Amino acid sequence: MSIDKTAVETTPKSNNFIHQIIDSDLQSDHAPVKIVTRFPPEPNGYLHIGHAKSICLNFGTAEKYQGVCHLRFDDTNPEKESQEYIDAIKRDITWLGFSWHEQIKYTSSYFEQLYLWAVYLIEQGRAYVCDLTAEQAREYRGNFTTPGKNSPYRERSIAENLALFAAMKAGEFAEGHCSLRAKIDMQSSNMNMRDPMLYRILNVAHHQTGSDWCIYPIYDFAHGQSDAIEGVTHSICTLEFEGHRPLYDWFIDNLPVPAIPRQYEFSRLELNYTVTSKRKLKQLVDLKVVFGWDDPRMPTISGMRRRGYTAAAIKNFCEMVGVTRANGVVDVAMLESAVREDLEKNAKRAMCVINPLKITISNFAEGQCELLSLPVHPKLEMGNRELPFSRHLYIEKEDFSEDTSLGRKKFKRLVIGDYVRLRGAYVIKAEQVIRDDNDQIVEVVASLVPRTVGANPAPEFKPRGVIHWVSAEHALPCELRIYGRLFTDPSPDKDKEKSFIELVNPDSLQVIKQAWAEPSLKMAAVESAYQFERTGYFVADSDSTAEKLVFNQTIALRESKGK
RNA sequence: UGGGGUAUCGCCAAGUGGUAAGGCAACGGGUUUUGAUCUCGUUUUUUCUCGUCAUUCGUAGGUUCGAAUCCUUCUACCCCAGCCA
């Protein structure tokens with residue numbers, strides 16, 4: 001496959017407010033030589049659609065300005081983190097099509113430097129060891145209307161602080177016994193500046209550093225300095241960190257850091273009918289509401305991947321929603337539209353009958369088989385596939401009606417006494433209905449109009465429409481998993497009375513144990529996308545075996561009114 | 001409640017003092033061997049329709065020849081009182 005280089009180069013990358021800032025930074029006298037960004041997930045859960053937006057912004061910005069983007073695991077809280085999450089995050093980012101600069105970074109690999117900087121702050125008289133308990137510290141901190149009070153330990157001598165901090169590091173205190181705090185301003189209207197914690201004691205082994213440490217830095221003390229170490233120029237995060245920016249800058253100003261990164265905030269992505277919070281997604285997994293982090297109903301990157309959403313669709317969606325500082329809720333229909341847009345041009349076409357009605361072609365000999373050749377895609381050149389046509393076929397039950405009064409525009413399918421086109425095959429006429437003892441239709445006898453494969457019939461045989469079908473004896477039984485929204489409420493986590501768990505859609509998964517797929521689907525590879533004509537987009541699931549094919553419905557086809 | 005933010009169509013979102021882009025959604029028409037796709041319209045405030053005037057960027061004022069853009073007022077919503085990130 002050849003890549004149109006000029007097209008790639010001229011692909012317009014959105015110009016959001018962050019890029020405008022970078023553009024003007026690049027004009028300034030001390031313009032950075034290279035734009036450096038970073039994507040800093042904490043490995044305490046799987047990445048979701050909200051992270052995808054951040055990934056696209058950070059990696060995309062680096063690409064746009066020919067800079068670099070680091071993947072840095074922000075692993076300062078070993079209690080909640082694990083290697084499993086690290087592996088999953090790497091897999092997801094790679095799948096999205098991004099690659100990080102050089103090797104993966106870990107905040108934990110800066111622990112020694114961070115410790116030295118903490119000592120430096122103590123030496124400068126800007127940090128102290130505080131023996132207040134968590135509860136006492138809360139009281140001393142005051143609240144929005146009441147200024148905080150200085151800790152009684154605030155004026156310890158530098159020597160004493162140095163000794164105490166060394167003892168903390170040496171493991172001489174129990175968890176919670178004391179902490180290291182910055183000496184800033186307990187009266188500040190910004191709560192983050194009221195002598196924030198820098199280090200706490202945690203007698204927990206770390207997934208990267210083992211038992212090397214029993215004190216761990218707090219996010220605020222680790223993040224900006226890690227950015228500085230990596231030479232990050234633009235540290236892009238979400239809006240809730242806005243109030244932390246003065247603190248971020250305070251550390252950069254008061255420490256001998258090697259670079260001056262700046263933090264910029266954008267609004268996080270919210271989608272209706274879904275939750276985008278690692279904590280809540282973890283609950284869905286832990287409570288077994290879903291089968292796992294990669295359940296196709298999950299808005300996780302791995303879930304969407306298994307569902308059949310493509311990386312291109314997700315990236316395009318992120319481009320569509322834009323980057324701003326206004327918080328809003330994006331309609332999932334926009335995501336679904338991006339998925340359909342990508343699948344429409346990339347999914348192979350195939351036929352699969354979900355609820356079979358037997359059709360017997362009276363003028364086609366028993367045992368005979370005609371091999372038809374159908375294009376894999378109606379518009380794009382994607383080759384052809386072979387399809388066996390025989391005397392006994394299956395069509396969709398709902399594609400047949402005995403009601404001859406149905407208008408041709410209203411019901412574009414098979415009606416007794418009328419004609420319909422079998423996709424890629426003959427035009428047939430329904431002639432007789434066969435019923436069982438319970439008066440249920442079990443079979444329809446039809447006749448084909450000769451020489452109508454690939455050719456329009458005479459006007460008197462004009463079909464009402466086109467329907468899908470499979471040859472009964474050649475069809476492959478398969479399982480179909482149809483997914484609905486995971487939540488019944490557009491804002492599942494906004495309800496004041498009900499927990500989002502109570503708003504889970506009980507019908508979010510429908511399993512069709514046996515559907516009938518055309519034989520070419522035998523070769524369906526996991527993750528390759530198909531459009532089952534007239535029914536929806538599907539993708540082979542990893543649960544597929546040689547005996548039983550399993551397909552996930554990625555998304556239904558858009559349906560116009562009147563169907 | 002002190003501080004920090006944000007308000008442009010049902011939902012996202014351009015717009016940066018010169019006369020309101022685009023996408024999604026919805027609704028109509030056309031095309032179609034997928035009721036898909038494609039395509040053409042309509043939907044910012046009113047209107048059955050067409051013209052005209054006016055109105056219009058949360059609100060109310062102001063500056064200006066000219067304001068979504070600048071100033072002031074008010075309102076609504078979001079974030080901060082973890083030894084989480």
Side-chain angles (χ1 to χ4, degrees), chain A residues 14-16 20 40-42 44 74-77 79-80 130 132-134 137-139 141-148 175-181 188-194 196-202 215-216 218-220 222-223 237-246 265 267 269 272 278-279 317 319-338 340-341 344-345 349 351 374 378-379 409-413 420-425 427 452-456 463 465-468 531-537 556-563:
Chain A
S14 75
N15 199 32
N16 54 58
Q20 291 175 6
E42 184 190 10
N44 65 344
D74 209 352
D75 54 352
T76 56
N77 186 6
E79 286 186 311
K80 291 182 177 167
C130 179
L132 252 24
T133 63
R138 193 179 317 124
E139 284 164 19
R141 190 156 40 232
N143 56 40
F144 295 148
T145 45
T146 319
E175 274 187 23
H177 179 269
C178 57
S179 63
L180 185 72
R181 302 175 67 177
S188 176
S189 53
N190 182 344
M191 301 295 288
N192 295 122
M193 301 301 268
R194 320 245 261 226
M197 302 295 160
L198 268 38
Y199 270 90
R200 77 285 215 190
I201 297 168
L202 240 38
I215 56 170
Y216 293 95
I218 285 293
Y219 165 85
D220 289 299
H223 203 93
C237 63
T238 43
L239 245 28
E240 66 270 26
F241 292 100
E242 195 167 17
H244 293 245
R245 187 167 5 110
E265 312 87 16
S267 56
L269 172 67
N272 59 13
K278 273 196 257 182
R279 203 190 101 250
F317 166 71
E319 198 67 36
M320 284 165 83
V321 300
V323 178
T324 66
R325 288 173 61 86
N327 34 19
V329 181
V330 174
D331 194 336
V332 282
M334 213 190 273
L335 208 209
E336 295 173 344
S337 165
R340 286 198 184 95
E341 185 187 13
E344 155 59 27
K345 58 176 193 287
R349 306 300 141 112
M351 291 193 282
L374 271 72
K379 291 181 179 168
K409 274 257 162 61
K410 178 113 178 152
F411 191 76
K412 302 162 78 163
R413 318 180 198 188
V420 82
R421 157 79 65 185
L422 292 179
R423 176 64 156 163
V427 170
T452 49
V453 175
N456 283 329
V466 181
I467 62 173
H468 60 281
Q531 183 197 109
F532 291 171
E533 295 201 56
R534 303 209 312 132
T535 94
Y537 292 100
L557 255 34
R558 190 179 279 115
E559 277 189 6
S560 58
K561 276 272 152 59
K563 194 193 166 179

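Chain letters run A, B, ... following the sequence lines, proteins first and then strands; every chain starts at 1. Everything quoted here is computed from the prediction, not taken from an experiment.
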Report the nucleotide, chosen from [options], that has the shortest atom-to-atom distance to any side-chain atom of [X].
X	options	answer
A/S337	B/rC24, B/rG35, B/rC83	B/rC24
A/K80	B/rG5, B/rC84, B/rC80	B/rC84
A/N327	B/rC24, B/rC78, B/rU34	B/rC78
A/S189	B/rG15, B/rC83, B/rG3	B/rG3
A/V330	B/rC83, B/rG35, B/rC12	B/rC12
A/V466	B/rA85, B/rU34, B/rC38	B/rU34

If we take the [atom1] atom in both [N] and [M], what is their distance in whole Å?
N	M	atom1	value
B/rC80	B/rC74	P	25 Å
B/rA20	B/rA67	P	12 Å
B/rC11	B/rA26	C1'	12 Å
B/rA21	B/rC9	C1'	13 Å
B/rU44	B/rG30	C1'	27 Å
B/rG23	B/rC78	P	31 Å
B/rG29	B/rA76	P	45 Å
B/rA36	B/rC24	P	16 Å

*Closest-nucleotide 5' rank along RNA chain B - winner of A/Y537 and A/G322*: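 Looking at RNA chain B, the more 5' nearest nucleotide goes with A/G322.
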*Between A/T324 and A/D75, which has a closest nucleotide on RNA chain B that is more 5'?*
A/T324
Touch check for [X], heavy atoms < 4.0 angstrom, all strands: base, sugar-phosphate only, or nothing?
X	value
A/A222	nothing
A/N143	base
A/R138	sugar-phosphate
A/G465	nothing
A/T76	sugar-phosphate
A/P40	nothing
A/F241	base
A/V420	nothing
A/R325	sugar-phosphate
A/L269	nothing
A/A326	sugar-phosphate
A/K345	nothing
A/K278	nothing
A/R423	base

My understanding is that a pair needs two contacts under 3.5 Å, Watson-Crick or G-U wobble. By that rule, which nucleotide pairs with [N]?
N	answer
B/rC38	B/rG30
B/rU75	B/rA7
B/rA68	none
B/rU55	none
B/rU43	B/rA25
B/rG2	B/rC80

*Kindly confirm whether the side-chain ring of A/Y219 is stacked on the base of B/rA85, judged by centres under 5.5 Å and planes under 30°.*
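Stacking is absent between B/rA85 and A/Y219, given that the ring centres and planes do not meet under 5.5 Å and under 30°.
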*Ring stacking, A/F144 with base of B/rC80, under 5.5 Å and under 30°?*
yes
Does a distance-only test, which skips hydrogens and angles, find a donor-acceptor pair under 3.5 Å between the side chain of [X] and the base of [N]?
X	N	answer
A/H244	B/rA85	yes
A/R534	B/rU34	no
A/R558	B/rG35	no

*asked:* Taking A/E344 first and then A/R349, would you say they form a salt bridge - that is, a charged N and a carboxylate O separated by under 4.0 Å?
replied: yes
_Ion pair A/K278/A/E42, N-O distance below 4.0 Å_ = no
Heavy-atom side-chain contact between [X] and [Y] under 4.5 Å:
X	Y	value
A/N190	A/P246	yes
A/L557	A/Y537	yes
A/V330	A/M320	no

*Nearest 0.5 Å, what's the CG-CZ distance between A/L335 and A/R340?*
11.0 Å
*Please round to the nearest 0.5 Å and tell me the distance separating atom CZ of A/R138 and atom OG1 of A/T133.*
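Result: 8.0 Å between the selected atoms.
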*Between A/R558 and A/S337, does a side-chain contact (heavy atoms from CB on, under 4.5 Å) hold up when you go through it step by step?*
CA-CA 9 Å; A/R558 190 179 279 115; A/S337 165; 4.3 Å; yes
*Would you call B/rG10 syn or anti, using the 90° rule around 0?*
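With its glycosidic angle more than 90° from zero, B/rG10 counts as anti.
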